[in-house]
Amino acid sequence: MALPERGDDEQRAVPAPRIDYAALFAATPSPYLVLDAALVIVSVNRAYLEATRRTRDDLIGQYIFDAFPDNPADPLADGVRNLSASLRRVLSSREPDTMAAQRYDIPLVAEPGRFEERWWSPINTPVLGPDGTVAWIIHRVEDVTAFVQARRHRHGLQGSELSARERAMEAELYARARELQRLNDQLREAHARERKVALTLQEAMLHSPDLVQHEDIAVRYLPAAGSLNVCGDWYDVVNLSAGCYAVAVGDVVGHGLEAASVMGMLRSALSAAMRTVDGPAKALEVVGQYARCVEGAMATTAFSALIDKERHTISYSSAGHPPPVLLHGDGRCELLNRATDPPLGARPAHAPRPQAALSYRPGDTLVLYTDGLIERRQEDIYTGLARLTSALAEKPGLGAESLADTLLNRLGVTGGAADDIALVTVRL
């Protein structure tokens, strides 16, 4: 049987109802606490107030560990130490942190000095602000005290009447929870040491000796959020003949030490090529031939530019890299996209690469970057480019250092992005 067609009124889209998120938060059945970056309580839902037997006035505006200190009568109390470590990890990593089941006694408001035994299963989740840093932390807990104490009260018996087997099981569960916490702490300490070594390696590999002679050039490198600070993005500045210098950026596919080692080889090769051959296109040709022999170099993108200060010209060539932007003094933005070729190592045989040139005026700014600055999930590159040029057009008069910082802030990546970012701003 044929179904009747829908009328015009029926086909009209029903407007989505407005959702009162504050009411949803207040009614959420799990206990939730919201902290700011200073670990001060800024919001709490009803379930948390009921679980801790507190009022909003008791908690709002309080430093969390003033509101919930350790039980001074328990010499083994480590709730403050463990929760503080978890919250600090969230602030630094900008990632959620799940804690092992934790004994954390709470003070009885009606009986000052007395504490009530409580066991909690906490998860701490960051909420990022526009600049990429942690603006708030959602502290979600489940009160598992009844579950823990149930082992002490079988068939209404008191804890002293637990069987030897039950006492042994309880002791083992508690010991395993503490051991899990200890092992997690050791893993995090090892991870922190690895991050420090990785960052030191990255900084050494990105060192550009000629950069110190250019006060009007600023460089920034931001590792991918949550990474080990070793990735494949690079920048370089190379002095050439009098009045000329070259700048370059590149991006090796992948992350980790392997990508970093490939980056180091290609960056060094491009630096040498820019010093020995004529023009950026020939320099990329040389590096492209070299890249075909380097495992992991396939699909590496790079951009090289030669700046002639006497003629006020920029010659450039791109190997599949996002186009740099020339920001003119009047706020107009010009993309350097007229000499683009496939990435390094992508060609099976040698072929000349294109080269283009354009003029600039003193006071213009050249902005080079890697794709982490503009790319976002579920967006095309043109959306990212439009966001970049709009941000640049707002600040045409800034110096190189100020523009670099302002740009990162304006694009919301001050604290890093999903991919690593290399940024070079050149005040011409």
Self-check item: Interatomic spacing from CZ in Phe68 to CG in Leu33 - rounded to 0.5 Å
Solution: 7.0 Å
Quiz item: So Asp251 and Asp371, side-chain contact (heavy atoms from CB on, under 4.5 Å) or not? Walk me through it.
Solution: CA-CA 8 Å; Asp251 184 2; Asp371 56 8; 3.1 Å; yes
Quiz item: Looking only at atom types and distance, does a side-chain atom of Asp78 sit under 3.5 Å from a main-chain N or O of Arg81, one as donor and one as acceptor?
Solution: no
Quiz item: Quick check: does any side chain N or O of Asp66 sit under 3.5 Å from a backbone N or O of Gln62, one acting as donor and the other as acceptor?
Solution: no
Exercise. Ignoring hydrogens and angles, tell me if any N or O in the side chain of Ser317 forms a donor-acceptor pair with the backbone of Pro354 under 3.5 Å.
Key: yes
Quiz prompt | Test item: Arg89 side-chain N/O and Glu95 main-chain N/O as donor-acceptor pair under 3.5 Å | solution = no
Quiz item: Which atom pair, heavy atoms only, marks the closest approach of Ala47 to Pro29?
Solution: CB-O, 3.2 Å
Self-check item: Crowding at CD, Gln213 (>12 non-hydrogen neighbours, <6.0 Å)
Solution: yes
Quiz item: Looking at side-chain heavy atoms only, is the closest gap between Leu49 and Arg56 below 4.5 Å?
Solution: yes
Quiz item: Leu326 and side-chain contact (heavy atoms from CB on, under 4.5 Å): which partner among Thr365, Val367, Leu335, Leu428?
Solution: Leu428
Quiz prompt | More than 12 heavy atoms from other groups under 6.0 Å of CD on Glu215 | solution = no
Practice problem: Check Val426, Asp308, Leu306, Leu336 against Ile314 for a side-chain contact (heavy atoms from CB on, under 4.5 Å) and give me the one that passes. | Solution: Leu336
Self-check item: Taking every non-hydrogen atom, the tightest pair across Gly329 and Pro396
Solution: O-CB, 3.7 Å
Self-check item: Residue pair Ala357 / Arg338: nearest heavy atoms and the distance that separates them
Solution: O-NH2, 2.8 Å
Exercise. Answer yes when Asp364 and Arg427 have at least one side-chain N-carboxylate O distance shorter than 4.0 Å, and no when they do not.
Key: no
Exercise. Please determine, by modelled atom types, if Arg267 and Ser208 share a side-chain donor-acceptor pair under 3.5 angstrom.
Key: yes
Self-check item: Derivation of the side-chain contact (heavy atoms from CB on, under 4.5 Å) call for Asp236 and Val249
Solution: CA-CA 6 Å; Asp236 203 2; Val249 289; over 6 Å; no
Quiz item: Can you find a heavy atom in the side chain of Glu334 that is under 4.5 Å from one in the side chain of His328?
Solution: yes
Quiz item: If every non-hydrogen atom of Ala393 is compared with every non-hydrogen atom of Gly331, which pair is closest and at what distance?
Solution: CB-O, 3.4 Å
Self-check item: Stepwise side-chain contact (heavy atoms from CB on, under 4.5 Å) test for Ile60 and Val44
Solution: CA-CA 8 Å; Ile60 300 299; Val44 59; 4.1 Å; yes
Quiz item: Does the side chain of His214 pick up a donor-acceptor pair with the side chain of Asn239 at under 3.5 Å?
Solution: yes
Quiz item: Could you state the interatomic distance from OG (Ser271) to CH2 (Trp234), rounded to the nearest 0.5 Å?
Solution: 11.0 Å
Quiz item: Should the pair Asp105-Arg103 be classified as a salt bridge under the 4.0 Å nitrogen-to-oxygen rule?
Solution: yes
Exercise. May I ask you to test the Leu408-Leu222 pair for a side-chain heavy-atom distance under 4.5 Å?
Key: yes
Quiz item: Between Thr133 and Gly129, is there a donor-acceptor pair closer than 3.5 Å when you use the side chain of the first and the backbone of the second?
Solution: no
Exercise. Establish, from distance only, whether the side-chain atoms of Asp97 and Ser86 form a donor-acceptor pair under 3.5 Å.
Key: yes
Practice problem: Could you tell me whether Asp210 and Arg275 have a side-chain N and a carboxylate O separated by less than 4.0 Å? | Solution: yes
Quiz item: Cut-off 3.5 Å, side chains only: do Thr383 and Asp380 have a donor facing an acceptor?
Solution: yes
Quiz prompt | Chi angles and distances behind the side chain to side chain donor-acceptor pair (under 3.5 Å) call for Glu117, Asn71 | solution = CA-CA 9 Å; Glu117 178 186 337; Asn71 183 354; over 6 Å; no
Quiz item: For Leu407 and Leu388, what are the C-alpha separation, side-chain angles and deciding distance, and is it a side-chain contact (heavy atoms from CB on, under 4.5 Å)?
Solution: CA-CA 8 Å; Leu407 189 58; Leu388 170 63; 3.8 Å; yes
Quiz item: Rounded to the nearest 0.5 Å, how far apart are CG of Leu423 and OH of Tyr369?
Solution: 10.5 Å
Quiz prompt | Atom pair CD1 (Ile374) and CZ (Arg387), whose distance is rounded to the nearest 0.5 Å | solution = 8.5 Å
Self-check item: Separation of Met99 CE from Leu83 CG (nearest 0.5 Å)
Solution: 5.0 Å
Self-check item: Min side-chain heavy-atom separation Lys309-Cys244 under 4.5 Å
Solution: no
Quiz item: Do you know the tightest heavy-atom contact between Val287 and Ala273?
Solution: CG2-CB, 4.2 Å
Practice problem: Check whether any side-chain N or O of Thr55 sits under 3.5 Å from a backbone N or O of Asp58 as a donor-acceptor pair, and report yes or no. | Solution: yes
Practice problem: Anything under 30° is parallel, anything over 60° is perpendicular, the rest tilted; go ahead and classify Trp120 against Tyr48. | Solution: parallel
Quiz item: Which word best sums up how the rings of Phe303 and Tyr316 line up, parallel for under 30°, tilted for 30 to 60°, or perpendicular for over 60°?
Solution: parallel
Quiz item: If you measure from CD on Glu394 to OG1 on Thr406, what distance do you get to the nearest 0.5 Å?
Solution: 10.0 Å
Exercise. Give a yes or no on whether the backbone of Ala386 and the side-chain of Ser390 come within a donor-acceptor separation of less than 3.5 Å.
Key: yes
Quiz item: Taking C-beta and beyond as the side chain, do Lys395 and Leu403 meet within less than 4.5 Å on heavy atoms?
Solution: yes
Quiz item: Would a distance-only check, ignoring hydrogens and angles, find a side-chain to backbone donor-acceptor pair under 3.5 Å from Asn45 to Ser30?
Solution: yes
Quiz item: So does Glu116 pair up with Arg53, basic N to acidic O under 4.0 Å?
Solution: yes
Quiz item: Under a 4.5 Å cut-off applied to non-hydrogen side-chain atoms, are Tyr63 and Ile41 in contact?
Solution: no
Quiz item: Does the Ser318 side chain pair with the main chain of His321, one donor and one acceptor, at a distance under 3.5 Å?
Solution: yes
Quiz item: So, for Leu266 and Ala297, which heavy atoms are closest and what is the spacing to 0.1 Å?
Solution: CD1-CB, 4.0 Å
Quiz item: Hey, are the side chains of Tyr290 and Leu344 touching, using non-hydrogen atoms and a 4.5 Å cut-off?
Solution: no
Exercise. Keeping the roles fixed (side chain from Arg376, backbone from Leu373), state whether a donor-acceptor pair exists under 3.5 Å.
Key: yes
